[in-house]
2 protein chains.
Amino acid sequence: MKVNEIMQILKEQGYKLTEQRKEIIETIFKQNRYVSAKEILNEVQDRFPGVSFDTIYRNLSILSDLDLLEETQFEGEAKYRVSCIEDHHHHLVCTKCGQTSVLPECPMDLLQGLAGDFRVTGHKFEIYGLCKECQQGKNT
Amino acid sequence: MKVNEIMQILKEQGYKLTEQRKEIIETIFKQNRYVSAKEILNEVQDRFPGVSFDTIYRNLSILSDLDLLEETQFEGEAKYRVSCIEDHHHHLVCTKCGQTSVLPECPMDLLQGLAGDFRVTGHKFEIYGLCKECQQGKNT
DNA sequence: ATACATGCAAACAATTTGCATATTA
DNA sequence: TAATATGCAAATTGTTTGCATGTAT
């Protein structure tokens with residue numbers, strides 16, 4: 001999904017495109033990894049020194065509600081990344097830098113019928129570890 | 001793993017078996033589901049009205065460090081359950097009551113070699129939904 | 001007796017909310 | 001201008017910590 005499409009969707013839903021909101025969206029969507037609210041704040045503050053956490057959180061909340069973001073609970077804090085609802089897949093998540101890459105196969109396909117009486121409403125399949133760069137100590 | 005074994009391990013590690021600690025352990029280990037610190041506190045307070053969150057958290061921390069507990073991040077809070085390190089498996093997790101049951105097959109076995117350059121240090125594979133009881137509205 | 005635990009209170013950190021002001025459409 | 005967003009400050013919630021006292025070994 002392109003940033004323009006996101007903006008379009010927000011507009012259609014009656015949300016306004018403020019400068020801060022646009023910057024927040026671009027900050028998240030230019031990354032291919034999970035970022036925390038604090039990381040987003042820091043980035044956005046480069047251009048808008050006045051922004052505060054509540055604006056970040058309010059926007060994260062709106063974007064999540066519209067399914068434009070994926071949210072994953074890290075230790076003590078949540079992190080967010082662009083949602084890729086169109087193609088169902090699973091991530092390799094670097095626990096250090098948040099970098100994500102896509103697993104080439106979907107293990108869920110192998111699991112139909114395994115759950116029995118349990119009514120499945122969702123699942124989380126993430127493999128944690130260190131990406132190539134973090135293994136080489138590139139991200140301090 | 002039996003509660004007695006847990007007590008034994010703690011003893012061996014130099015930890016003392018206080019009444020509160022024993023009650024906390026029994027509370028967690030008699031459940032087959034993820035419970036929150038608050039739930040544990042409530043249970044334990046039935047017998048020890050004086051216990052407070054810090055005691056709960058300190059004990060959870062000790063038990064986790066010894067790999068006697070599995071911890072999973074729910075929305076806004078962590079939940080804990082008995083660790084079953086001996087037999088590797090995956091859970092079906094009820095998002096309402098925390099009930100867990102074991103998946104009869106291990107999907108991780110199918111994934112060797114898929115990660116490439118990524119150094120895998122752990123994974124989370126959980127399927128969320130409603131267990132039979134919660135589907136029938138038994139746990140308000 | 002001595003080391004580890006508890007309980008209290010206070011500190012922290014992530015996230016949320018009320019309200020007055022500012023900004024978009 | 002009318003509706004939505006922002007910024008500030010304060011509140012909330014989950015979790016952690018310092019310290020004096022209590023308890024298991």
Side-chain angles (χ1 to χ4, degrees), chain A residues 4 6-28 34-66 68-69 71-80 98, chain B residues 4 6-28 34-66 68-69 71-80 98:
Chain A
N4 314 2
I6 309 297
M7 306 287 193
Q8 189 54 40
I9 292 171
L10 285 173
K11 228 173 189 170
E12 285 164 9
Q13 301 292 323
Y15 294 106
K16 295 176 178 174
L17 295 185
T18 56
E19 292 305 307
Q20 294 91 325
R21 174 164 295 161
K22 282 192 274 181
E23 184 69 13
I24 290 170
I25 292 170
E26 270 163 20
T27 297
I28 302 170
Y34 280 105
V35 285
S36 65
K38 189 186 291 185
E39 288 175 294
I40 298 167
L41 180 72
N42 289 340
E43 282 279 318
V44 174
Q45 276 184 335
D46 287 351
R47 280 196 49 207
F48 301 91
V51 275
S52 44
F53 268 118
D54 37 82
T55 298
I56 305 293
Y57 280 117
R58 271 189 276 240
N59 278 286
L60 287 174
S61 172
I62 289 169
L63 294 166
S64 284
D65 288 350
L66 295 174
L68 299 173
L69 289 185
E71 177 179 348
T72 279
Q73 222 58 38
F74 280 65
E75 316 159 24
E77 65 180 2
K79 295 194 178 186
Y80 308 81
Chain B
N4 315 0
I6 309 296
M7 306 286 191
Q8 189 56 38
I9 291 172
L10 285 172
K11 230 173 190 170
E12 284 164 11
Q13 301 293 323
Y15 294 106
K16 295 176 178 172
L17 296 184
T18 56
E19 292 305 307
Q20 295 90 326
R21 175 164 295 160
K22 284 192 275 183
E23 185 69 14
I24 290 170
I25 292 170
E26 271 163 19
T27 298
I28 302 170
Y34 279 107
V35 284
S36 65
K38 189 186 289 186
E39 287 175 294
I40 298 167
L41 180 72
N42 288 339
E43 282 279 319
V44 175
Q45 276 184 335
D46 287 350
R47 282 196 47 207
F48 301 92
V51 275
S52 44
F53 269 118
D54 37 83
T55 298
I56 306 292
Y57 280 116
R58 270 189 277 243
N59 278 287
L60 287 173
S61 173
I62 290 170
L63 294 166
S64 283
D65 288 350
L66 295 175
L68 299 173
L69 288 185
E71 178 180 347
T72 280
Q73 223 57 40
F74 280 65
E75 314 159 24
E77 67 181 359
K79 295 194 178 186
Y80 309 82

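Below, each value reflects all heavy atoms present in this structure, side chains not excepted, and no hydrogens, waters or symmetry copies.
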With A/N42 via side chain to side chain donor-acceptor pair (under 3.5 Å) - residues at least two apart
none
Check the distance between C/dT2's C1' and B/K16's NZ and give it to me in whole angstrom.
7 Å
Can you check the B/I56 CD1 to C/dA5 P distance for me, whole Å?
15 Å
Which heavy atom of A/F74 sits nearest a heavy atom of B/Q73, and at what distance?
O-CG, 3.8 Å
Hey, mind stepping through B/V51 and B/I24 against side chain to side chain contact (heavy atoms under 4.5 Å, CB included) and telling me if it holds?
CA-CA 10 Å; B/V51 275; B/I24 290 170; 5.6 Å; no
So which one's nearest nucleotide on DNA chain D is more toward 5', B/T18 or A/Y15?
A/Y15
Restricting both atoms to N or O, compile the protein contacts to nucleotides 10-14 of chain C shorter than 3.5 Å, with distance only.
none

Treating B/S61 as the side-chain partner and B/Y57 as the backbone partner, does any N or O pair qualify as donor plus acceptor under 3.5 Å?
no
Spacing between B/F53 atom CZ and C/dG7 atom C1', to the nearest angstrom:
14 Å
Atom-to-atom span, CG of A/L10 to C1' of C/dT23 - whole angstrom
16 Å
Please say which of A/L41, A/D46, A/I40 ends up in a side-chain contact (heavy atoms from CB on, under 4.5 Å) with A/V44.
A/I40
So which atom in A/E19 and which in A/F48 form the shortest heavy-atom distance, rounded to 0.1 Å?
CB-CZ, 3.4 Å
One pair to check against side chain to side chain contact (heavy atoms under 4.5 Å, CB included): B/Y34 and B/E71. What are the steps and the verdict?
CA-CA 8 Å; B/Y34 279 107; B/E71 178 180 347; over 6 Å; no
Can you give the first and last nucleotides of DNA chain D, 5' to 3', that have an atom under 4.0 Å from a heavy atom of chain B?
D/dG14 to D/dT25
How long is the line joining CD of A/E23 and P of C/dT24, in whole Å?
15 Å
Starting at the 5' end of DNA chain D, which residue's closest nucleotide do you reach first, B/Y80 or B/K11?
B/Y80
Quick one: A/F74 CZ to C/dT15 C1', roughly how many Å, whole number?
18 Å
Determine yes or no for a side-chain-to-main-chain donor-acceptor pair under 3.5 angstrom, with B/R21 supplying the side chain and B/N59 the backbone.
no
For A/I6 and A/L66, run side chain to side chain contact (heavy atoms under 4.5 Å, CB included): C-alpha distance rounded to whole Å, both residues' side-chain angles, the deciding distance at 0.1 Å, then the answer.
CA-CA 10 Å; A/I6 309 297; A/L66 295 174; over 6 Å; no
Using heavy-atom distances to pick each residue's nearest nucleotide on DNA chain C, tell me which of B/N59 and A/L17 is more 5'.
B/N59
Looking at C/dA5, I'd like to know if its phosphate oxygens (OP1 or OP2) sit under 4.0 Å from a side-chain N or O belonging to B/R21.
yes
